[in-house]
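Report on the structure given below.
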Amino acid sequence: MSPNQPVDPALSLAALLEDDHPEKRKVSEWARENLDDERLFERDHRSEFWREGWQRCADYGIQGLVIAPEFGGSGLDLITALLRFEGLGVGCRDAGLVFALSSQIWTMQMALDRFGTDAQRARYLPGLVRGEQMGAFTITEHEAGSDAFALTTTATPIDGGYRLNGHKAWVSLSPVADVFVVFATTDPALKRWGITAFLVDADNPGLEVLPPRQKMGMRTTPFADVVFTDCEVPADAVLGNVGSGAGIFSTVMESERAFLLAGSVGQLERQITETADYANTRQQFEKPIGSFQAVSHAIADMKVGHEFARLSLYKAAALQAAGTPSMMAAAIAKLAASEAALEGSINSVRVHGARGYVSEFGVERGVRDTLGGVIYGGSSDIQRNIVARLLGLPKGE
Ligand SMILES: Cc1cc2nc3c(=O)[nH]c(=O)nc-3n(C[C@H](O)[C@H](O)[C@H](O)COP(=O)(O)OP(=O)(O)OC[C@H]3O[C@@H](n4cnc5c(N)ncnc54)[C@H](O)[C@@H]3O)c2cc1C
């Protein structure tokens, strides 16, 4: 796949310097025209996934951005893919759809594409890229969240394969997924060295997706727990090698941290424009509210957060595209982008006053949609832990 595809340094620089890069603008314009769903308010209220929107994205090539042409993708380099994904965030108001796409592309597909055998990739990637199939990535358990390697789902060797037993929590896309990347331990005594990743089809009789859970934001991404009960899989369902699951997870997490928030950064860009427009037109005390420094500074802070988040994302992506260690950069990017998106959404509500707080105007949805970003993919505290550890500070108890 493309992570190793060379990126022209001029492209990385252009991505950093051109706020309105043509690769980004092209997708944001397409998304405005094709993903502006008038039923979004209702779907958010009902926690309803937009399958039609998913298919439109697949037809446009979003799911296949970094997948090789032999599997139906465009085989783009990581910087171009990031620019396009950012554009998707600018143009698409359905943050749940953008998150669902991010989740599949940067975790499930990334794991499959990077660690799968040719046969596994040929079996699953074309359907995922075409939008006919969906994939979920599941490691978290109720008692193993930030401490993901404390997982207790077991994979017991049987004749010709493995039998999985366990309960996975908070799995994005699970109610609609056709295939799951599942992390389980083949030997609990080995702790992280006993963890193995598996590909499990949703129609396996040992796999049960529990009823979808209601959540605060990104309500248009379906989300549920998944239970494995004597779920038998063949030996060729192993992704990578037996015992290499922790390594696969860490690699995927590093990529995820650099890319998962690209859509949110795009969404923040749109919020800044809309909040500034509102502050320029809303009059109080016979002046536009944007003329009050308290209001203009709130919007300026949104822009500062956005700028720092953007630069951090592109730095992490450029390092990964070059095959250079990016753990520090990826942790900073995830932290900066998720916190900027949340702070920006809160500021937008403040500037819009009651219109910001009332659901029908769609501003408050931004706060609900962005709060999850400081939790999933490693919480902000976990990103700070990574930064501190890389600075040589001792590991906390
Ligand atoms: C919207 C959303 C989508 C998700 N999608 C998926 C998915 O598709 N697949 C999947 O497997 N999981 C998914 N998750 C689960 C997610 O990965 C976990 O929620 C996350 O890892 C945190 O685990 P936890 O919720 O158990 O919180 P906990 O780990 O219990 O953390 C609770 C609090 O304690 C803090 N904390 C914990 N440990 C430390 C520490 N060492 N140092 C400092 N602070 C600490 C945390 O920062 C947090 O504030 C999703 C979660 C959300 C919210």
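Because only heavy atoms are used, hydrogens play no part in the values below, and waters and symmetry mates are left out as well, while side chains stay in. Start at 1 and go down the list; that is how both ligands and their atoms are numbered.
Residue D381 approaches ligand 1 through these ligand atoms, each under 4.0 Å from one of its heavy atoms: 35 (C), 43 (C), 44 (N), 46 (C), 47 (O), 49 (O). Each of the following atoms of ligand 1 lies closer than 4.0 Å to a heavy atom of S379: 46 (C), 47 (O). Taking every heavy atom of T138 and a limit of under 4.0 angstrom, the matching atoms of ligand 1 come to 11 (O). For ligand 1, the atoms closer than 4.0 angstrom to any heavy atom of I139 are 11 (O).
Under the 4.0 Å criterion applied to side-chain N and carboxylate O atoms, R93 and E274 are assigned as salt-bridge partners. The pair R310-E269 fails the salt-bridge criterion, with no side-chain N (NZ, NE, NH1 or NH2) lying under 4.0 Å from an Asp/Glu carboxylate O. Classification of R121 and D118 as a salt-bridged pair holds, one side-chain N sitting under 4.0 Å from a carboxylate O.
Contacts with ligand 1 closer than 4.0 Å are made by no heavy atom of T221, backbone or side chain.
In the hydrophobic clustering (ILVMFWY side chains linked at under 4.5 Å, chained through shared members), F41 stands by itself. Other members of the hydrophobic cluster containing V200, listed by chain and number, are Y162, L164, V171, F180, V182, F198, L207, V209, V226, F228, V233, V238, V242; membership follows side-chain contacts under 4.5 Å among ILVMFWY residues, whether direct or relayed.
Residue Q55 places its CD atom among more than 12 non-hydrogen atoms of other residues, nucleotides or ligands, all under 6.0 Å distant.
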### Task
Go through the steps to decide whether E141 and T152 satisfy the test side-chain hydrogen bond (donor to acceptor under 3.5 Å, both in side chains), and finish with yes or no.
CA-CA 8 Å; E141 297 175 3; T152 58; 3.1 Å; yes
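Inclusion of M218 in the set of residues having an N or O under 3.5 Å from an N or O of ligand 1 is not warranted. Among the atoms of N385, some N or O lies under 3.5 angstrom from an N or O of ligand 1. For a threshold of 3.5 Å applied to N or O pairs, the pair formed by D147 and ligand 1 contains no separation below that value. For the pair Y376 and ligand 1, the shortest N or O to N or O distance does not fall below 3.5 Å.
Among S174, A150, A136, G145, the residue whose heavy atom sits closest to atom 21 (O) of ligand 1 is G145. Counting heavy atoms only, S146 comes closest to atom 22 (C) of ligand 1 of the residues S146, A144, G372, G378. Taking only non-hydrogen atoms, the option from V374, T140, I375 nearest to atom 15 (C) of ligand 1 is T140. For atom 2 (C) of ligand 1, the candidate residues are F249, F183, F223, F137; the nearest heavy-atom contact is made by F223.
One distance of note links CG of N165 with OG1 of T156; it measures 6.5 Å at 0.5 Å rounding.
For the pairing with F49, the side chain to side chain contact (heavy atoms under 4.5 Å, CB included) check across R43, M134, R219 returns one residue only, M134.
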